Amino acid sequence: MGMLKTQKIRFGLCCLFLEEDIKFKTTTFKYFSKLDAQEKLEKLDMLILHNINSLLKAIEFCGENHIYSFRITSTLLPLYTHPECKYSIEDLPSSARIFSLFEKCRKKAQKNNVRLGFHPDQFVVLNSPREDVVEKSIKDLLYHAFLAELLGADVINIHGGGMYGDKLEALKRLRKTISKLPSKITSRLTLENDDKCYTPSDLLPVCEEFSIPLVYDVHHHRCLKDNLTEEEASEKAYETWNREPLFHISSPKEGWEDSKRSRHHDYIDLEDFPSFWKAMLPLTVEVEAKAKERAVIQLCNEIYP
DNA sequence: AGCGGTCAAGTTGAT
DNA sequence: ATCAACTTGACCGCT
């Protein structure tokens with residue numbers, strides 16, 4: 001006689017904490033360059049040990065607070081992709097301990113049912129006309145794939161890129177670059193509609209062609225509309241997933257009329273949450289809000305009182 | 001301890 | 001022309 005398990009949306013936290021004392025450290029290349037070889041390795045060792053211990057705490061906190069998805073900061077390994085700062089974890093004094101902590105994080109996330117993902121930053125642009133930019137972007141994605149493999153993360157989410165005055169040409173370049181990516185990347189890569197260039201309608205054909213899931217961001221869709229309603233876009237995005245779909249929610253800081261409406265508010269206004277998502281299960285919804293874990297917990301309590 | 005200037009990288013749109 | 005915004009202020013050096 002099993003109790004019927006009520007299925008709920010999996011709410012996700014992005015990268016940082018507001019009140020909880022869990023922090024991630026980084027450094028700057030300029031400061032780092034001033035150190036000698038020995039100091040460099042010690043500095044990286046210290047930062048990375050700190051960061052992976054923080055990640056472990058983050059996964060524990062999420063599991064204990066019904067936050068079943070966590071986006072990991074891209075600077076978990078500081079300066080790892082900097083062109084003039086090549087290092088491997090194997091070079092570090094604590095490399096064995098670091099690898100064992102990665103494994104610990106992966107197991108803890110699995111045990112606590114915390115889904116892990118990445119959102120590489122704005123410098124990853126697969127459709128730039130500049131070859132060097134595309135090349136660096138692919139290197140950055142390989143770095144994320146390396147981390148994702150170690151941690152058991154199934155999402156590396158990016159935007160379509162820029163338009164360069166010719167959206168169709170830019171989309172062609174996006175297709176061309178994606179077609180050349182290794183499966184290490186494409187097995188986790190997702191595309192997200194943004195607030196300035198690419199709508200769900202623009203990206204869905206690319207997603208379908210390459211079996212790349214679409215992360216539907218309803219806030220961005222409200223900033224940059226296409227021919228699809230929120231329901232239609234949600235359903236079409238949902239169908240691109242071969243695993244649990246992932247959507248984004250956020251509220252505008254200064255209201256929908258403001259020209260700066262794409263800025264994020266501290267919390268999610270329940271009015272902004274598409275209520276029909278509650279029937280689209282299973283589903284992960286990442287909460288993009290300045291109040292971080294407080295905002296996720298508040299939204300979860302409002303949706304499932 | 002507190003605070004201001006600075007930080008690798010791309011692209012867009014507001015001012 | 002400059003600059004904020006983007007998933008996110010954090011860090012260092014000076015007072």
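Small disclaimer: the values here were computed from a predicted structure and weren't measured.
Contacts of A:K139 with the nucleic acid, taken as non-hydrogen atoms under 4.0 Å apart, are absent. Note on A:T81: a base of the nucleic acid sits closer than 4.0 angstrom, heavy atoms only. At a threshold of 4.0 angstrom between heavy atoms, the contacts of A:Q122 include nucleobase atoms, whether or not backbone atoms are also involved. In this structure, A:F118 reaches neither bases nor backbone, as no heavy-atom distance under 4.0 Å exists between it and the strands shown. Contact annotation for A:K167: no contact, since no heavy-atom pair falls under 4.0 Å across all strands. A:K292 comes within 4.0 angstrom of sugar-phosphate atoms only, judged by non-hydrogen atoms across all strands, and of no base. Using a 4.0 Å heavy-atom criterion, one finds that A:H159 contacts the sugar-phosphate atoms exclusively.
Relative to the six-membered ring of A:F17, A:K292 misses at least one condition, a distance below 6.0 Å or an angle of at most 45° to the axis. Cation-pi geometry between A:R130 and A:Y164 is not met: the NZ or CZ atom fails to fall both under 6.0 Å from the ring centre and inside 45° of the normal.
Proximity of A:K290 to the phosphate of C:dG9: a side-chain N or O atom is located under 4.0 Å from OP1 or OP2. Between A:H220 and C:dT7, a side-chain N or O to OP1/OP2 separation shorter than 4.0 Å is present. Applying the 4.0 Å criterion to OP1 and OP2 of C:dT7, one finds that A:T73 has every side-chain N and O outside that range.
The gap from the P atom of C:dC3 to that of B:dC7 amounts to 14 Å, rounded to the nearest Å. Spacing between C:dA1 and B:dA8 at atom C1', rounded to whole Å, works out to 23 Å. With P as the reference atom, C:dT7 and B:dT6 are 27 Å apart, rounded to whole Å. Remark: the separation of the P atoms in C:dT8 and C:dA4 is 16 Å, to the nearest Å.
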Could you pull out the protein-nucleic contacts involving nucleotides 1-7 of chain B (nitrogen or oxygen on both sides, under 3.5 Å)?
from  : atom 1 : to    : atom 2 : distance (Å)
B:dC7 : OP1    : A:K30 : NZ     : 3.0

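Evaluation of A:F123 against the base of B:dA9 yields a stacking contact (centre distance < 5.5 Å, interplanar angle < 30°).
Look at CZ on A:F11: it is 19 Å from P on C:dT7, rounded to the nearest Å.
Note: A:H144 and A:H119 fail the aromatic proximity criterion, with ring centroids not under 6.0 Å apart.
The partner of C:dT15 is B:dA1, by the rule that a Watson-Crick or G-U pair needs both atom distances under 3.5 Å. C:dT8: no Watson-Crick or G-U partner with both key distances under 3.5 Å is found in any strand.
In the set B:dG10, C:dA10, C:dC11, C:dA10 carries the atom at the smallest distance from any side-chain atom of A:L16.
In terms of position along DNA chain C, the nucleotide closest to A:C14 lies nearer the 5' end than the nucleotide closest to the other residue of the pair A:C14 and A:K23. Mapping A:P120 and A:K25 onto DNA chain C by nearest heavy atom places A:P120 closer to the 5' end of the strand.
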Per-pair distances, 0.1 Å, donor-acceptor, side chain in residues 84-92 of chain A, under 3.5 Å, sequence neighbours excluded:
from  : atom 1 : to    : atom 2 : distance (Å)
A:Y87 : OH     : A:P78 : O      : 2.8
A:D91 : OD2    : A:S88 : N      : 2.8

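Residue A:P245 comes nearest to A:P282 through the heavy atom pair CD-O, 3.5 Å, listed as atom of the first residue, atom of the second, then distance.
For the residue pair A:N51 / A:S54, no side-chain donor-acceptor distance below 3.5 Å is found, with atom types taken as modelled.
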